[in-house]
Amino acid sequence: MIFTDFELDVRGNFTQDDEKILLEVGSIDEVKELFDICIEKIRQSHITPINPPIPPDSPTETAETETVEKKKYKILTGKFVVDDEYSNLAIHTPTKEDMDKVVKVLENMYDYDLSTLKYTYMKRKDVKQGVCGYLQGLTYNDEWLESPTIVVKCCDEDKEHIHKLLDVKKVSSQYLWFPQRREQEHRFMKASITTNKYPIYVISKGRYFRNKKYQAPKTIQYLQKIGVDYRIVVEPDELDEYAKNIPREKIVVLPTEYLNKNQGSIPVRNFVHHLNTADDVYAYWILDDNITDYYYVDNNERYKVRDAIAFRMLEDCMDNFDNCYLTAHQYKMFAPPTDYRNVVQYNGRVFSSILIRTDIPTLENGKDIWRGKYNEDVDLSLRILKLKLPTILTTNITCDKDETGKSKGGNTDSIYKEDGNGSGVDKSNSLLEHHSDCVKIIQRYGRTHHKINTEKFIHNTLQQSTGFVEHHYEINYS
């Protein structure tokens with residue numbers, strides 16, 4: 001059973017407003033653990049019972065205020081909170097003995113007793129594989145079950161100091177390993193797959209020049225590295241710039257009737273769909289131009305994919321089901337190799353690296369499949385899901401890309417500026433306009449976001465084709 005928006009109201013004789021604590025859980029097995037954390041949070045909170053007013057000059061009030069100020073630190077299950085206003089630093093170690101050393105360093109640093117701080121460990125979970133359980137990848141190494149984790153919620157200066165005290169190189173402000181991560185023997189993966197089945201199209205704008213020189217977009221560099229054929233679609237006035245690093249025969253120029261629509265990438269996406277439909281191909285890939293790499297996840301490790309298996313496994317999977325029109329790669333950041341999960345996520349949004357069938361249901365007003373201006377991938381996914389058709393997002397093979405808005409080009413210099421320079425208001429409202437039945441607007445990380453209720457689509461079921469094949473690939477590591 002999946003719980004979403006599970007809320008616990010803490011009610012009692014409090015002078016302050018009721019406090020709500022949101023628990024997001026992935027399964028019923030996690031409810032007790034998270035409930036214990038919640039109770040500990042309540043116990044250590046600073047909510048004050050109702051008492052008669054105390055005169056301002058009362059020494060009792062002064063003493064009570066000082067006590068609250070001293071009670072700055074909190075210990076939760078697996079977490080030491082220096083201050084709730086700061087961000088988390090996850091600390092991982094290979095063994096409990098190593099974590100004991102880390103805790104001693106933290107005790108000295110903060111002059112605070114952490115003897116009650118409990119370590120958390122990865123738990124062996126039974127993963128429901130579903131009909132795509134035959135896909136390779138996402139097996140698990142039991143050694144990782146012995147690796148403890150704690151989280152310290154502290155300021156950036158403290159994070160820097162912790163790295164220095166532990167004498168570890170900083171690779172992220174969100175996590176560190178002490179003394180070092182479990183050694184990964186291999187880094188790369190191949191499956192001797194030299195070709196993919198369906199054509200790959202990369203859509204690009206303004207990304208022909210970076211680092212003070214002309215360079216092909218990152219997605220093109222990756223495809224060239226693994227020897228996979230592709231086409232890149234560019235606007236006419238940028239043809240010469242892209243041709244400085246990309247063979248002319250690989251470049252498709254966007255026709256003028258698709259230009260100047262003020263719809264971001266929507267017109268070029270529809271052009272790619274029309275082009276493949278006219279060529280009578282069964283399916284095609286449409287990729288963003290800022291994908292840096294693809295990763296295969298197995299045995300609690302990530303391996304960089306170095307041949308066409310990155311695309312072929314998803315193509316073979318789609319061909320196994322009659323009613324699958326959208327398949328895509330999950331983002332690397334959302335599929336940590338140490339997480340226990342299914343090899344695919346069903347019936348959610350697809351994005352950035354998408355395999356689309358050309359006979360996908362079109363919009364009511366013609367042959368287009370994309371519409372609007374913002375969040376076109378979410379809109380298309382929801383329209384397909386509302387037709388009771390399933391979607392597939394693979395987590396055994398993932399893509400890594402630059403963060404949207406961090407690199408010049410694409411929609412960064414056009415429609416995103418119109419949306420309050422990243423406020424998210426226009427993007428979220430565009431979804432709400434068409435999908436108010438399953439989308440709500442929330443505030444998160446200081447900006448406006450959308451939240452999708454995908455529970456209503458859990459019964460969208462894949463229908464196996466008569467030619468269903470459990471493909472097996474010979475995986476090689478180096």
Side-chain angles (χ1 to χ4, degrees), residues 198-207 217-220 223 230-239 242 250-291 311 314 318 325-329 331 349-385 387 389 391 393 399 401-402 404-405 409-416 418-419 426-427 430-431 433-435:
Y198 302 120
I200 295 176
Y201 286 82
V202 179
I203 57 175
S204 188
K205 178 179 173 60
R207 287 186 174 145
K218 292 184 178 180
T219 306
I220 301 300
L223 296 173
Y230 64 89
R231 294 294 182 270
I232 181 170
V233 185
V234 305
E235 296 186 358
D237 61 344
E238 295 184 336
L239 170 61
Y242 278 96
K250 304 285 189 185
I251 304 176
V252 178
V253 179
L254 187 65
T256 56
E257 60 264 33
Y258 294 90
L259 298 172
N260 303 317
K261 300 288 188 181
N262 192 29
Q263 289 183 280
S265 67
I266 301 297
V268 65
R269 289 176 182 274
N270 280 321
F271 165 70
V272 172
H273 183 71
H274 300 159
L275 187 64
N276 283 277
T277 302
D279 289 344
D280 200 28
V281 299
Y282 180 73
Y284 65 92
W285 289 92
I286 189 163
L287 311 183
D288 289 355
D289 61 355
N290 56 347
I291 297 173
F311 305 99
L314 275 71
M318 173 181 272
Y325 293 91
L326 286 176
T327 305
H329 298 92
Y331 287 149
R349 58 167 282 194
V350 299
F351 37 68
S352 296
S353 178
I354 312 173
L355 179 61
I356 306 173
R357 272 173 47 177
T358 53
D359 60 342
I360 189 172
T362 58
L363 293 167
E364 296 84 355
N365 59 351
K367 297 181 180 180
D368 291 349
I369 63 171
W370 307 93
R371 69 179 178 185
K373 189 172 182 178
Y374 304 105
N375 283 321
E376 65 276 2
D377 46 9
V378 182
D379 176 66
L380 178 61
S381 301
L382 288 176
R383 294 197 332 258
I384 292 299
L385 290 168
L387 293 174
L389 297 170
T391 62
L393 194 66
C399 69
K401 58 174 282 187
D402 287 343
T404 300
N411 288 326
T412 305
D413 301 325
S414 55
I415 63 172
Y416 287 161
E418 299 176 20
D419 187 18
D426 290 347
K427 291 175 63 179
S430 68
L431 280 179
E433 177 184 354
H434 295 290
H435 304 290

Enquirer: Distance from Thr391 atom OG1 to Ile354 atom CD1, nearest 0.5 Å?
Expert: 10.5 Å
Enquirer: Glu376 and salt bridge (charged side-chain N to carboxylate O under 4.0 Å, His left out): which partner among Arg371, Arg383, Arg349, Arg269?
Expert: Arg269
Enquirer: Could you list the residues that satisfy ring pair (Phe, Tyr, Trp, His ring centres under 6.0 Å) with Tyr325, not counting sequence neighbours?
Expert: none
Enquirer: If we ignore hydrogens and angles and just use 3.5 Å, is the side chain of Glu238 paired with the main-chain N or O of Lys205 as donor and acceptor?
Expert: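 Side chain of Glu238 to backbone of Lys205, a donor-acceptor pair under 3.5 Å: no, none is there.
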Enquirer: Compare all side-chain heavy atoms of Ile220 with those of Tyr230 and state whether any distance is below 4.5 angstrom.
Expert: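 Counting from C-beta outward, Ile220 and Tyr230 do come under 4.5 Å.
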Enquirer: Measure the OH-CD1 distance between Tyr198 and Ile356 for me, rounded to the nearest 0.5 Å.
Expert: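 The OH atom of Tyr198 sits 13.5 Å away from the CD1 atom of Ile356.
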Enquirer: What I'd like to find out is whether the side chain of Tyr201 reaches to under 4.5 Å of the side chain of Asn276, using heavy atoms alone.
Expert: yes
Enquirer: Using side chain to side chain donor-acceptor pair (under 3.5 Å) as the criterion, list what pairs up with Ser353, not counting sequence neighbours.
Expert: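 Residues passing side chain to side chain donor-acceptor pair (under 3.5 Å) with Ser353: Tyr294, His329.
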Enquirer: Pair Asn270, Ile369 - check side chain to side chain contact (heavy atoms under 4.5 Å, CB included), show working.
Expert: CA-CA 7 Å; Asn270 280 321; Ile369 63 171; 4.1 Å; yes
Enquirer: Would you give the length of the straight line joining atom CG of Leu389 to atom CZ of Arg357, rounded to the nearest 0.5 angstrom?
Expert: 9.0 Å
Enquirer: Would you say the side chain of Val350 lies within less than 4.5 Å of the side chain of Ile384, judging by non-hydrogen atoms?
Expert: no
Enquirer: Looking only at side-chain N and O atoms, does Lys401 offer a donor or acceptor that is under 3.5 Å from a partner on Ser352?
Expert: yes
Enquirer: Just verifying a value: how many Å separate Leu385 CG and Leu380 CG, rounded to the nearest 0.5 Å?
Expert: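 Between Leu385 CG and Leu380 CG, I get 9.5 Å after rounding to 0.5 Å.
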Enquirer: Do Val202 and Pro217 have side chains that get closer than 4.5 Å, going by heavy atoms?
Expert: no
Enquirer: Apply side chain to side chain contact (heavy atoms under 4.5 Å, CB included) to residues Phe311 and Leu223 and explain how you reach the verdict.
Expert: CA-CA 11 Å; Phe311 305 99; Leu223 296 173; 3.7 Å; yes
Enquirer: Give me the atom names and distance for the closest heavy-atom approach of Pro267 to Gly264.
Expert: CD-O, 3.6 Å
Enquirer: Donor-acceptor pair, Tyr258 side chain versus Ile266 backbone, under 3.5 Å?
Expert: no
Enquirer: How many angstroms lie between atom CD of Glu235 and atom OG of Ser204, to the nearest 0.5 angstrom?
Expert: 9.5 Å
Enquirer: What residues form a side chain to side chain donor-acceptor pair (under 3.5 Å) with Thr358, not counting sequence neighbours?
Expert: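 Side chain to side chain donor-acceptor pair (under 3.5 Å) check on Thr358 returns nothing, list empty.
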Enquirer: Counting C-beta onward and ignoring hydrogens, is there a side-chain heavy-atom pair between Met318 and Leu326 closer than 4.5 Å?
Expert: no
Enquirer: Counting N and O atoms only, with roles assigned by atom type, does the side chain of Thr219 sit under 3.5 Å from a partner on the main chain of Asn290, one being a donor and the other an acceptor?
Expert: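 The answer is yes, because a donor-acceptor pair under 3.5 Å joins these two groups.
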Enquirer: State whether the side chain of Asp288 and the backbone N or O of Ile203 hold a donor-acceptor pair below 3.5 Å, judged by distance alone.
Expert: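 Absent.
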Enquirer: Are Val272 and Trp370 side-chain neighbours, meaning at least one heavy-atom pair lies under 4.5 Å?
Expert: no
Enquirer: Decide yes or no for Phe351 and Tyr331: does some side-chain heavy atom of the first lie under 4.5 Å from some side-chain heavy atom of the second?
Expert: yes
Enquirer: I'd like to check Leu275 versus Val233 (side-chain heavy atoms, cut-off strictly below 4.5 Å). Are they in contact?
Expert: no
Enquirer: Passes side chain to side chain contact (heavy atoms under 4.5 Å, CB included), Thr277 versus Lys367? Steps please.
Expert: CA-CA 9 Å; Thr277 302; Lys367 297 181 180 180; over 6 Å; no
Enquirer: Might you work through the side chain to side chain contact (heavy atoms under 4.5 Å, CB included) test for Asp279 and Tyr284, ending with a clear yes or no?
Expert: CA-CA 11 Å; Asp279 289 344; Tyr284 65 92; over 6 Å; no
Enquirer: Roughly how far, to the nearest 0.5 Å, is OG of Ser381 from CG of Leu393?
Expert: 9.0 Å
